Each structure stands twice: as structure tokens, then as C-alpha cells.
Amino acid sequence: MSDSLPQSIIEIMSPDQQIQRTRFKPKPAQSTPTSEDSQTVGRCRIARHPQMMLAIRLCSGEVEVLPYNSLARIRSDNSDQALRLSFTVGEVVIDGERLTRLFHYLCEHRVLEICQSDRAECLVDDTNVCVHSIQMKLADPV
């Protein structure tokens, strides 16, 4: 009896071959959007699908990330030159050239990041979106 006890424990501890064949492999966790999932328009990154957050990056390196669900309004007299994004915490004013594509992507919640362009970049490529200045007038969180 003592000889069969260790053998039965080993049998219990070893995985059953039939169980191993029927196990499901877990799906890999979804990561942040990769370069395959996004494209660049000027220095702005655009995703294929609607996004939850919008990152606004200044030349100084300062970054502000705001949720799209707090975007209340997008206003513009000329969508090719300036956009005014009204969030619940304040406003972001974007001035530049050829901003119409960016305007449409913002309406679809597909912009991942808006980056302020250098003047040299705007002079080199005259077909892409060029953001000259970004002014953020946001209230400090409580």
C-alpha cells in the first residue's frame, strides 16, 4: 500500500494529456497603438479607430492629455488655419496651415497626438498639416 501511495500522488500531480490538448491559449493583451495602427499627418498621429484620449504636445516638451468625452465643441472661422477646441476644463487654440484634415480627424475622435511643428518642418513639406502654435487655457485640477 505504501508503494501505491507515492505512485498515485505522482499520477495526480502530472497533467493529463487529454486536458492539455483541450486547453485554450489566452489572447495576448491589447497594447497601445503601434505604428501599424496609426499614421502621421505632419507631426500629428492619427489612429484607425476612435480614441479615448487626445495628447497635445508643445515644442517645449510639455504634454497635456485630455479625454475626448470632455470635448464639448470644435470651432473655427477657417478650418484650414485655426481650430478652437472647447473642453470642459478649458480651451485649446491651434494655429497653423492646412488644418482641415486634422479638423475632420478630430471630429471622428481619431487623433492620438497633436504636436507643435518647427518652422523648418513647415517650410520643407508644404502638403502636410503644420501646427505653428498651441495655446492651452485649461483650469488646474482640484
Side-chain angles (χ1 to χ4, degrees), residues 2 4-142:
S2 65
S4 66
L5 184 61
Q7 183 63 29
S8 64
I9 291 174
I10 291 172
E11 289 173 3
I12 291 171
M13 296 299 288
S14 66
D16 187 7
Q17 295 299 324
Q18 190 173 8
I19 293 174
Q20 281 185 340
R21 283 184 292 204
T22 59
R23 285 190 184 160
F24 295 102
K25 293 182 180 178
K27 290 183 180 179
Q30 289 185 349
S31 60
T32 56
T34 61
S35 60
E36 301 161 355
D37 296 334
S38 65
Q39 66 180 8
T40 57
V41 176
R43 292 203 49 208
C44 303
R45 287 186 356 179
I46 311 299
R48 289 185 187 177
H49 306 290
Q51 300 298 304
M52 296 190 62
M53 304 288 278
L54 169 64
I56 300 167
R57 184 179 305 273
L58 302 178
C59 280
S60 65
E62 180 184 352
V63 178
E64 190 78 38
V65 182
L66 300 165
Y68 267 111
N69 66 358
S70 70
L71 179 60
R73 180 185 332 177
I74 302 174
R75 289 183 288 168
S76 178
D77 291 333
N78 182 353
S79 64
D80 202 44
Q81 295 179 348
L83 303 173
R84 185 178 301 266
L85 311 176
S86 297
F87 290 89
T88 55
V89 294
E91 279 191 336
V92 176
V93 179
I94 301 169
D95 291 317
E97 299 172 19
R98 300 173 296 281
L99 299 179
T100 304
R101 285 176 58 194
L102 180 63
F103 172 79
H104 292 293
Y105 287 133
L106 281 166
C107 291
E108 297 172 359
H109 292 200
R110 290 180 45 201
V111 180
L112 292 167
E113 184 176 49
I114 298 174
C115 298
Q116 192 172 357
S117 304
D118 295 340
R119 188 68 184 145
E121 289 175 324
C122 295
L123 294 174
V124 170
D125 188 5
D126 61 351
T127 59
N128 267 337
V129 170
C130 184
V131 177
H132 296 301
S133 69
I134 301 173
Q135 299 169 7
M136 294 187 280
K137 303 169 189 168
L138 304 173
D140 290 329
V142 179

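None of these values were measured; they are calculated from a predicted model.
Judged by distance alone, with hydrogens and angles left aside, the side-chain atoms of Gln116 form a donor-acceptor pair with the main-chain N or O of Cys59 at under 3.5 Å. Ser86 contributes no side-chain N or O that, together with a main-chain N or O of Glu91, makes up a donor-acceptor pair within less than 3.5 Å. A distance-only check finds a donor-acceptor pair linking the side chain of Arg110 to the backbone of Ala47 [under 3.5 Å]. Of the possible donor and acceptor atoms, none in the side chain of Arg84 sits under 3.5 Å from a partner among the backbone N and O of Val93. In this structure a side-chain-to-backbone donor-acceptor pair under 3.5 Å is missing from Tyr105 to Arg45.
With rounding to the nearest 0.5 angstrom, the CG atom of Leu85 is 5.5 Å from the CG atom of Leu106. Separation of atoms OG1 (Thr100) and CD (Gln81) is listed at 9.0 Å; rounding is to 0.5 Å. One finds the CD atom of Glu64 at 7.0 Å from the CD1 atom of Ile56 (value rounded to the nearest 0.5 Å). Taken to the nearest 0.5 Å, the CD atom of Gln51 stands 9.5 Å off from the CD1 atom of Ile46. Here the straight-line distance linking atom CG of Leu54 with atom CD1 of Ile114 works out to 5.0 Å at 0.5 Å rounding. Residue Leu112 holds its CG atom at 13.0 Å from CE of Met52, rounded to the nearest 0.5 Å.
Taking the side chain as every heavy atom from C-beta outward, Ser70 and Val89 never approach each other to under 4.5 Å. Inter-residue side-chain proximity for Val111 and Leu102 is flagged as met; some heavy-atom pair is nearer than 4.5 Å. Counting only heavy atoms from C-beta outward, the side chains of Asn128 and Arg101 approach each other to under 4.5 Å.
No more than 12 heavy atoms of other residues, nucleotides or ligands lie within 6.0 Å of CG in Asp77, so this atom counts as exposed by the packing criterion.
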Check step by step if side chain to side chain contact (heavy atoms under 4.5 Å, CB included) holds for Asp80 and Arg98.
-> CA-CA 5 Å; Asp80 202 44; Arg98 300 173 296 281; 4.2 Å; yes
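Contact detail for Phe87 and Pro67: the closest heavy-atom pair is CE2-O, 3.8 Å. Here the closest non-hydrogen pair linking Val129 and Cys44 is CG1-SG, 4.3 Å. Pairing each heavy atom of Ala82 with each of Leu99, the nearest pair is N-CD1, 3.8 Å.
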